[in-house]
Participant: 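Here's a structure for you.
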Amino acid sequence: MTSDMLQIISESGKALADDDTDLTEDQLVAMYEAMVRTRALDERMIKLQRQGRIGFYVPSTGEEAAQVGSGMVFESKDWLYPSYRVPGLFLMMGASLDDMVANCYGNEADLCLGRQMPVHYAFGKLNIVSISSPIGTHIIQATGTAMAMRMKQNNALTATYFGDGGTSSNDFHSGLNFAGVDKSPVLFICSNNQWAISVPIEKQTASKTIAAKAEAYGMPGVRADGNDVLAVYQVCKQAADRARAGEGPTLIELMTYRRGPHSSSDDPTRYRGNQADEWMERDPILRFRKYLERRDLWSQASEDALQQREKAAVNEAIKRIEKLPPPTLDTMFTDVYAKVPPHLRAQYEELVENEGTGHEADPDAAFPL
Ligand SMILES: Cc1ncc(C[n+]2csc(CCOP(=O)(O)OP(=O)(O)O)c2C)c(N)n1
Ligand SMILES: [Mg+2]
């Protein structure tokens, strides 16, 4: 148990602690690029929502280091139970921009075929399990998967992401309790962005830190500056190494701040002042950029090229995806059973007879939220 918070890069981009990292220069630059890509996607998607082109979005602006630093430690055999606020993690694990954008349109290119809420991604081939909208329910699922992986002795670990609000759920208790007893190979990654919609952290828990809660479950609890990508990487790497070595779970608290609204349906000016402003100065991307510049790994020219490249990549993905039609009606039936049973086949035929093929998109239809 600790109330200490690991920081490796200061706000001015100086290496504070021993930054004797095992990351190569290429990896450091790739991490920076992933952070910029995540922000480019977020900024564009929020604008699309405001233009009425998608119905809903959840921005993660200011939380990119938590996603990218942690995403560095996973292998393709690992299992991820994410929250809705980690688009950068998905990009790191191999999701394409097209996949991400298609989810928000819910059209025929959407891997969930429009059956999930927007930003509730699922990437089956990447072992990234569908996001649960009910807060916390995926924490026990992650523990269960980790227990299964331990039984299979395949050295795969499981990680789950949740917010400070998620730690108040019953499933947080059950998930950590079981994992502690079982010594399951699981990383419980809490992005403490200090708000759960309009509920501030001090109304969420009387505990001094979230990490402190780990002691009661018999596992280490560690804290890192969640806006410091190297500190995030280090605590996650140590936890992953422990889990793979059979030493059990870790609760990781990443201290960050939700700079934007909870979602595109939220207006934070109704419940908080200008607290977000001071967190602008702690911007994780700017901080890492200064660090890379100090190490001569980055320049204004590389920055300009990257910004242009990432924004163009997002725009191109939108251009490709936006014009696609909704999923056809038959997908309602064909993706449920390996072989469609006769009574569903009959229902399908009746539906097509009455409603058409499902390609007739209604541009005026209200978003159902
Ligand atoms: C069981 C349950 N209760 C309430 C909600 C409504 N809800 C959606 S997101 C959210 C806040 C979660 O905050 P936190 O866990 O801190 O994550 P963050 O959104 O800050 O990333 C709430 C209360 C829900 N989805 N599920
Ligand atoms: Mg939160």
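Numbers for residues simply follow the sequence, beginning at 1. These figures come from a predicted structure and were not determined experimentally. Whatever order the structure lists them in is the order used to number ligands and atoms, beginning at 1. Reckoned from all heavy atoms, side chains included, excluding hydrogens, waters and symmetry mates.
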Participant: Any idea which atoms of ligand 1 are less than 4.0 Å away from a heavy-atom of P134?
Facilitator: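 Answer for ligand 1: 26 (N).
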
Participant: Does D99 offer a backbone N or O that forms a donor-acceptor pair with the side chain of S96 under 3.5 Å?
Facilitator: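 Such a contact is found between S96 side chain and D99 backbone.
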
Participant: Which residue and non-hydrogen atom of the protein lie closest to atom 21 (O) of ligand 1, and at what distance in Å?
Facilitator: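 Protein heavy atom with the smallest distance to atom 21 (O) of ligand 1: R85 NE, 2.8 Å.
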
Participant: Report the part of S191 in contact with ligand 1, treating N, CA, C, O as backbone and CB onward as side chain, heavy atoms under 4.0 Å; options are side chain, backbone, both, neither.
Facilitator: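 The answer is neither; S191 stays 4.0 Å or more away.
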
Participant: Quick one: does F162 get a heavy atom under 4.0 Å from ligand 1?
Facilitator: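 For ligand 1, residue contact (heavy atoms, under 4.0 Å) with F162 is absent.
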
Participant: Which protein non-hydrogen atom lies closest to atom 26 (N) of ligand 1, naming both residue and atom, and how far is it?
Facilitator: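 Sorting protein heavy atoms by distance from atom 26 (N) of ligand 1 puts I135 N, 3.0 Å first.
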
Participant: If you have a sec, read the angle at the Mg ion (ligand 2) from N193 atom OD1 over to D164 atom OD1, to 10 degrees.
Facilitator: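 OD1 of N193 and OD1 of D164 make an angle of 90° at the Mg ion (ligand 2), to the nearest 10°.
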
Participant: Is it the case that the side chains of Q116 and S130 hold a donor-acceptor pair, with the cut-off being a distance below 3.5 Å and no angle test?
Facilitator: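 Looking only at side-chain atoms, Q116 and S130 do form a donor-acceptor pair, the distance falling under 3.5 Å.
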
Participant: Just checking: G166, one of its N/O/S atoms, less than 2.8 Å away from the Mg ion (ligand 2), yes or no?
Facilitator: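 Checking the Mg ion (ligand 2) against G166, no N, O or S atom falls under 2.8 Å.
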
Participant: So which heavy atom in the protein is nearest atom 16 (O) of ligand 1, and how far is it from that ligand atom?
Facilitator: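 Scanning the protein heavy atoms, the shortest distance from atom 16 (O) of ligand 1 goes to G165 N, 2.8 Å.
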
Participant: Is the distance between the ring centroids of Y161 and H138 less than 6.0 Å?
Facilitator: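 Ring-ring flag for Y161/H138: false, centres at least 6.0 Å apart.
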
Participant: Among side-chain atoms of Q307 and E303, is any donor-acceptor pair under 3.5 angstrom?
Facilitator: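 The criterion, which ignores hydrogens and geometry beyond distance, is satisfied for E303 and Q307.
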
Participant: Ligand 1 versus D164, non-hydrogen atoms closer than 4.0 Å: side chain, backbone, both, neither?
Facilitator: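 Both backbone and side chain.
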
Participant: Mark yes when over 12 heavy atoms from residues, nucleotides or ligands other than Y257 sit less than 6.0 Å from its OH; otherwise mark no.
Facilitator: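 Yes, because the 6.0 Å sphere around OH of Y257 holds more than 12 heavy atoms from other groups.
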
Participant: Would you say the ring centroid of Y271 lies under 6.0 angstrom from that of W195?
Facilitator: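 Yes, the ring centres sit under 6.0 Å apart.
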
Participant: Is the centre of the F90 ring less than 6.0 Å from the centre of the F123 ring?
Facilitator: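 Between F123 and F90, which both carry aromatic rings, the centre distance is below 6.0 Å.
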
Participant: What is the nearest protein non-hydrogen atom to atom 25 (N) of ligand 1, stated with its residue, atom name and distance?
Facilitator: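 Sorting protein heavy atoms by distance from atom 25 (N) of ligand 1 puts S133 O, 2.9 Å first.
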
Participant: Quickly, which of K237, M219, E247 forms a side-chain contact (heavy atoms from CB on, under 4.5 Å) with R242? Name it, please.
Facilitator: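 Among K237, M219, E247, the one that satisfies the side-chain contact (heavy atoms from CB on, under 4.5 Å) with R242 is E247.
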
Participant: Under a 4.0 angstrom heavy-atom cut-off, which atoms of ligand 1 come close to G163?
Facilitator: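 Contacts of ligand 1 toward G163, numbered from 1: 14 (P), 15 (O), 16 (O), 17 (O).
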
Participant: Any non-hydrogen side-chain atom of N192 less than 4.5 Å from a side-chain atom of R258?
Facilitator: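 Side chain of N192 against side chain of R258, heavy atoms only: no contact under 4.5 Å found.
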
Participant: Checking a contact table here: which protein heavy atom is nearest atom 12 (C) of ligand 1, and how many Å away?
Facilitator: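 Going by distance alone, atom 12 (C) of ligand 1 is nearest to Y84 OH, 3.4 Å.
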
Participant: Between R115 and H120, do the side chains contain a donor N or O and an acceptor N or O under 3.5 Å apart?
Facilitator: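 Note: H120 and R115 side chains miss the donor-acceptor criterion.
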
Participant: With heavy atoms only and a cut-off of under 4.0 Å, state how R258 meets ligand 1: side chain, backbone, both or neither.
Facilitator: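 Neither; no heavy atom under 4.0 Å.
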
Participant: Check contact between S83 and ligand 1, using heavy atoms of the residue and a distance below 4.0 angstrom.
Facilitator: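 For ligand 1, residue contact (heavy atoms, under 4.0 Å) with S83 is absent.
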
Participant: Please compare N193, D171, I197 and report which has the shortest non-hydrogen distance to atom 11 (C) of ligand 1.
Facilitator: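 It is I197 whose heavy atom sits nearest to atom 11 (C) of ligand 1.
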
Participant: Below 2.8 Å, any N, O or S contact between Q194 and the Mg ion (ligand 2)?
Facilitator: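 No N, O or S atom of Q194 is closer than 2.8 Å to the Mg ion (ligand 2), so no.
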
Participant: Heavy-atom distance to atom 13 (O) of ligand 1: which of S263, A196, G166 wins?
Facilitator: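 Checking each option, the heavy atom nearest atom 13 (O) of ligand 1 is found in A196.
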
Participant: Between the side chain of S70 and the main-chain N/O of A66, is any donor-acceptor distance below 3.5 Å?
Facilitator: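 Yes; at least one donor-acceptor contact below 3.5 Å.
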
